[in-house]
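Residue numbers start from 1 in every chain, and the chains themselves are labelled A, B, ... in the order their sequence lines are given, proteins ahead of strands.
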2 protein chains.
Amino acid sequence: MHDPKIRLEKMIDNLKRHGYKITPQRLAILRILAYSLGHPSVEEIYQQIRIDFPTISIATVYKNISTMKTLGEVLELGFGNDSSRYDGHTPYPHPHVICTKCKKIVDSQLENFQDFTQKVIQETGFSIVNHRIDFFGLCPDCQRQNS
Amino acid sequence: MHDPKIRLEKMIDNLKRHGYKITPQRLAILRILAYSLGHPSVEEIYQQIRIDFPTISIATVYKNISTMKTLGEVLELGFGNDSSRYDGHTPYPHPHVICTKCKKIVDSQLENFQDFTQKVIQETGFSIVNHRIDFFGLCPDCQRQNS
DNA sequence: TATTAGAAGAGAATGATTATTATTTAATAA
DNA sequence: TTATTAAATAATAATCATTCTCTTCTAATA
């Protein structure tokens with residue numbers, strides 16, 4: 001689940017299996033989603049693809065990401081009014097660490113959330129199917145600049 | 001921190017201490033924030049206040065909530081494109097449990113996030129100052145309706 | 001009661017996202 | 001290899017929550 005090439009293959013297979021066509025624009029979007037560790041925004045993906053496809057529409061980026069969301073191949077991280085960020089590298093729920101200054105988003109590898117989920121189920125009676133865990137602070141780079 | 005009357009007093013004190021005026025509209029908004037356990041949206045607050053203040057503007061609701069946010073007296077829960085929900089009852093970070101069907105939001109009392117925060121600090125080198133923890137699923141009521 | 005800084009009200013502006021529609025193209029089969 | 005066709009793209013309009021602007025009003029104070 002960590003090799004971008006394999007991620008890309010898996011995305012393409014999943015699309016084909018569901019009868020979607022593999023267009024050059026779509027492939028370019030998939031590549032960014034699979035290879036990017038940096039949780040890009042739609043705007044960033046759009047600007048990067050415009051280098052090779054100057055006529056692409058930002059609506060095409062939105063639509064393709066939406067498709068990948070429904071196939072479970074990308075995780076959307078929405079932040080209130082700010083534009084969403086996307087994780088196509090690790091598309092299942094996991095903690096993120098967000099720098100409030102430079103907006104960098106880093107994955108965390110902590111995994112013991114089954115215990116918490118169980119406690120929440122007991123406490124509230126909800127049936128839990130998903131979670132979102134974010135930590136906010138300053139990344140090492142921005143800490144240095146502040147001192 | 002759990003008695004609505006005391007919450008309301010604290011909010012009013014905090015506003016006065018910072019030189020804000022206590023207007024009837026503001027007071028009505030504070031009352032909803034302090035007493036409501038249901039994490040209301042701006043629209044819900046607006047509709048409720050219109051009963052007593054038919055001429056109030058929704059911008060006034062937004063502006064007052066924004067003021068309370070800067071004073072740390074209300075916690076904003078943004079959800080991507082959907083409208084934000086507000087917690088004026090327990091205005092510091094704590095886990096929330098959200099029903100994906102009826103949009104109900106319930107507080108969780110789980111508190112052991114210092115350990116996780118420490119691990120995230122060690123893992124990433126970030127300085128963590130805040131967090132957001134949400135669990136998504138079906139509330140007991142909606143589970144019944146589905147079966 | 002007069003003064004005045006801050007608040008309210010109305011509506012325009014913004015910005016991310018979604019919808020619409022005409023045109024183009026990937027996939028398939030003859 | 002080419003024709004067919006359903007789906008994808010591009011361009012643009014529409015939407016919706018939120019913020020901004022500006023004028024009018026009012027709570028606090030002296």
With a cut-off of under 6.0 Å to the ring centre and 45° to the axis, is A:R132 in cation-pi contact with A:F79?
yes
A:Q25 vs B:V42, nearer the 5' end of DNA chain D by closest nucleotide
A:Q25
With a 3.5 Å cut-off and heavy atoms only, can you find an N or O donor on one side and an acceptor on the other between the side chain of A:K21 and the base of D:dA6?
yes
Run the ring-ring contact (aromatic ring centres under 6.0 Å, His included) test on A:H39 and A:H89 for me, step by step, so that the C-alpha distance in whole Å, both residues' side-chain angles and the decisive distance to 0.1 Å come before the verdict.
CA-CA 9 Å; A:H39 305 82; A:H89 187 258; 8.6 Å; no
Of the listed nucleotides (D:dA10, C:dA8, D:dC20), which one gets closest to any side-chain atom of B:A59?
D:dC20
Taking the ring of B:F116 and the ring of A:F116, is the distance between their centroids below 6.0 Å?
yes
Derivation of the ring-ring contact (aromatic ring centres under 6.0 Å, His included) call for A:F113 and A:H131:
CA-CA 9 Å; A:F113 290 104; A:H131 65 254; 5.7 Å; yes
As a test of reading the structure: which of D:dA27, D:dT21, C:dA26 is closest to the side chain of A:P24, going by heavy atoms?
C:dA26
Could you tell me, to 10°, how much the axis swings from one end of the helix from C:dT1-D:dA30 to C:dA30-D:dT1 to the other, five pairs per end?
30°
Do you see a donor-acceptor pair shorter than 3.5 Å between the side chains of A:Q118 and A:Q114?
no
Salt-bridge contact B:E73-B:R7 (side-chain N to carboxylate O under 4.0 Å):
yes
Does C:dG11 have OP1 or OP2 under 4.0 Å away from a side-chain N or O of B:S57?
no
